Amino acid sequence: QKEVEQNSGPLSVPEGAIASLNCTYSDRVSQSFFWYRQYSGKSPELIMSIYSNGDKEDGRFTAQLNKASQYVSLLIRDSQPSDSATYLCAAPRRGATNKLIFGTGTLLAVQP
Amino acid sequence: DTAVSQTPKYLVTQMGNDKSIKCEQNLGHDTMYWYKQDSKKFLKIMFSYNNKELIINETVPNRFSPKSPDKAHLNLHINSLELGDSAVYFCASSQETGGNQPQHFGDGTRLSIL
């Protein structure tokens, strides 16, 4: 099982719809989770952090965390063509040296 | 003001050459990282330094040597470049080590080996 797993997509949604991006992780004791957006040819940009079970909202973005199911998701309401990008989920892995593990990303395409 | 800046943005060079990439952060963070993103877009950590000390060294060929002269700078030197080194290299920083803090990325250095 991959440490952080995402569906690579592409996930295609019409403009104005809700885009739902999902991520599962393997380390049960992970405490912090991050969503990054990466436009083609650009660097990853942090858009959401979530540390507690439940929902966290920031503008059109909502992150949802379920530690029991080891599942974290990102909802984008009123999707815009400018939201078209790859979304990377990241979670820490504990070990001899703790580090952040990134998923392979989900490509989101918002159709005008 | 750019928070994490890398130079150069593009690097095109011949196989066998030696090259360096520089990174600086002005966020006051203690920890800096080098990541490699390959053609499949997978972002993989290579090295991490906390306050000038190496704390993560993944299974990276020893042709890659990081150097941190102070906690605001982390450079990457690559010897005897190979075709498989072609990728985008990202520098990042975070307030602390451990993976519980968000990381902030530079714009990347696109390395192409001819």
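Just so it is clear, the model here is predicted, and its values are computed rather than measured. In what follows, every chain begins at residue 1, and chains take the letters A, B, ... in the order their sequences are listed.
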From [X] [atom1] over to [Y] [atom2], what is the distance, rounded to the nearest 0.5 angstrom?
X: B/Lys44; Y: A/Phe102; atom1: NZ; atom2: CZ; result: 13.0 Å
X: B/Ile55; Y: A/Lys99; atom1: CD1; atom2: NZ; result: 11.0 Å
X: A/Ser8; Y: B/Lys40; atom1: OG; atom2: NZ; result: 11.0 Å
X: A/Lys42; Y: B/Phe90; atom1: NZ; atom2: CZ; result: 10.5 Å
X: B/Phe105; Y: A/Leu46; atom1: CZ; atom2: CG; result: 9.5 Å
X: B/Ile45; Y: A/Ile101; atom1: CD1; atom2: CD1; result: 7.5 Å

* Within the distance-only criterion (no hydrogens, no angle test), does the side chain of A/Tyr36 pair as donor or acceptor with the backbone N or O of B/Gln103 below 3.5 angstrom? ->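 At least one qualifying donor-acceptor pair exists.
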* Just give me the residue among A/Pro44, A/Ser49, A/Ala91 that pairs up with chain B most often, heavy atom to heavy atom, under 4.5 Å. =>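 Going by pairs under 4.5 Å, I would pick A/Pro44.
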Linking I/L/V/M/F/W/Y whenever any side-chain heavy atoms sit under 4.5 Å apart, do [X] and [Y] land together?
X: B/Phe47; Y: B/Leu43; value: no
X: B/Leu74; Y: B/Leu11; value: yes
X: B/Tyr49; Y: B/Ile56; value: no
X: A/Leu107; Y: A/Val13; value: no
X: A/Ile76; Y: A/Tyr39; value: no

* Asked: Taking all atoms of both residues into account, what is the closest heavy-atom pair of B/Pro102 and A/Tyr51, and its distance?
  ->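 For B/Pro102 versus A/Tyr51, the nearest heavy atoms are CD-OH, 3.8 Å.
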* Asked: With a 4.5 angstrom heavy-atom cut-off, which part of A/Phe33 approaches chain B: side chain, backbone, both or neither?
  ->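 Neither part; nothing is under 4.5 Å.
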* Asked: What part of A/Glu45 lies closer than 4.5 angstrom to a heavy atom of chain B: side chain, backbone, both or neither?
  ->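 Looking at A/Glu45, nothing touches chain B.
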* Asked: Side chain, backbone, both or neither: which part of B/Tyr33 has a non-hydrogen atom closer than 4.5 Å to chain A?
  ->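 Interface part for B/Tyr33: neither.
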In this structure, are over 12 heavy atoms from other groups packed under 6.0 Å from [X] atom [atom1]?
X: A/Lys67; atom1: NZ; result: yes
X: A/Glu57; atom1: CD; result: yes
X: B/Lys71; atom1: NZ; result: yes

* **A/Leu100 vs B/Tyr35, side chain to side chain contact (heavy atoms under 4.5 Å, CB included): CA-CA, chis, key distance, verdict** => CA-CA 11 Å; A/Leu100 202 57; B/Tyr35 285 87; 4.2 Å; yes
